[in-house]
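Numbered from 1 within each chain, the chains take letters A, B, ... in sequence-line order.
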Amino acid sequence: MVSIWQYANPLRFMRTTDWLLPIVAWLAVAVTAVGLIWGFFFTPDDFRQGATVKIIFLHVPSALMAINAWIMMLVASLIWLIRRHHVSALAAKAAAPVGVVMTLIGLITGAVWGQPMWGTWWAGDPRLTSFLILFLFYLGYIALWAAIEDPDTAADLTAVLCLVGSVFALLSRYAAFFWSQGLHQGASLSLAPGTRVDWAYKAPLYISMTGFGLIFVALVLAGTRTEIRARRMKALVARERMA
Amino acid sequence: MMPDLGRYALEVSLAYIASLGLIGLLVLWVWLRGRAVRRALDELENDRSDNA
């Protein structure tokens with residue numbers, strides 16, 4: 001029986017991702033291209049939003065990945081704290097730059113859409129504010145990794161920061177459900193019957209979401225491979241210094 | 001080929017250019033950093049095997 005824990009072995013992780021990474025990367029390019037080209041060129045204007053509806057094919061997938069990236073970092077951090085697998089700590093570290101870019105895209109596209117639709121670039125809305133705080137947590141997380149020399153100490157402290165920041169990741173997703181005073185609408189996509197988005201938009205949106213998910217996986221795999229090599233380099237240099 | 005974006009052409013174009021640009025920069029950074037670290041590690045391991 002194959003266990004996920006076998007990938008805690010850096011050698012096995014490198015061997016597996018050696019063939020897996022190109023497949024995921026090319027799949028990410030293809031799926032994202034299909035989703036965005038479909039969304040941009042072949043969807044009709046919305047009767048109320050006009051052409052700005054095309055921004056959802058960027059905004060929704062990036063915002064979703066911004067939150068999911070943090071949740072992935074949380075799971076990886078917990079694995080590090082409980083089982084002390086280095087690959088999980090390095091995967092969390094590799095996910096942070098991807099998460100921060102996804103958050104930034106979510107903020108930019110949201111503001112660009114909000115200006116013509118809401119009449120403002122920004123509002124003190126619970127969902128928007130918690131998303132901005134999540135962005136700041138990402139920056140803090142990256143800065144903390146960079147500031148601490150010892151990788152195990154850095155992994156410990158960033159894991160704790162990740163646990164704290166999870167509050168804002170969850171708030172970003174669920175704030176719209178329990179705070180009614182916000183400008184941001186509730187979930188447009190739902191598994192519940194009576195869904196509010198037409199399939200003309202939903203199909204390319206789902207494809208874009210899958211594409212962004214694959215981009216995230218590809219970049220995290222590539223980043224983790226780099227972090228494993230960087231860690232090995234540090235260990236070799238330290239060993240030479242001690243000899 | 002270009003769809004008619006009407007009076008929102010600037011906003012929609014800006015959103016796509018900024019997002020794709022940021023993703024492009026991120027991919028480039030991940031790739032360049034990966035290449036640099038890989039080269040540095042290879043050099044270090046070659047030096048070690050030469051000295052051994």
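Per-residue counts of heavy-atom pairs under 4.5 Å with chain B were compared for A/Ala25, A/Ala230, A/Ala218, A/Pro116; the largest is that of A/Pro116. Among the candidates B/Leu41, B/Ile23, B/Leu20, the residue making the largest number of heavy-atom pairs closer than 4.5 Å to chain A is B/Leu41.
Using a 4.5 Å cut-off on side-chain heavy atoms (C-beta onward), A/Val112 and B/Leu10 make no contact.
Scanning both residues, B/Leu5 and A/Ala51, for their nearest heavy atoms gives O-CB, 3.4 Å. Residue A/Leu58 comes nearest to B/Ala15 through the heavy atom pair CD1-O, 3.5 Å, listed as atom of the first residue, atom of the second, then distance. The minimum heavy-atom distance between A/Pro97 and B/Leu26, with the atom names listed, is O-CD1, 3.9 Å.
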Record all donor-acceptor atom pairs with a distance under 3.5 Å between chain B and chain A; write none if the list is empty.
| residue | atom | partner | partner atom | Å |
| --- | --- | --- | --- | --- |
| B/Tyr16 | OH | A/Lys54 | O | 2.7 |
| B/Arg33 | NH1 | A/Glu227 | OE2 | 2.8 |
| B/Glu45 | OE2 | A/Arg232 | NE | 2.6 |
| B/Glu45 | OE2 | A/Arg232 | NH2 | 2.7 |

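Heavy atoms of A/Phe40 lying under 4.5 Å from chain B belong to its backbone as well as its side chain. Residue A/Val100 does not touch chain B at all, counting heavy-atom pairs closer than 4.5 Å. Within the 4.5 angstrom heavy-atom criterion, no atom of B/Ala36 approaches chain A.
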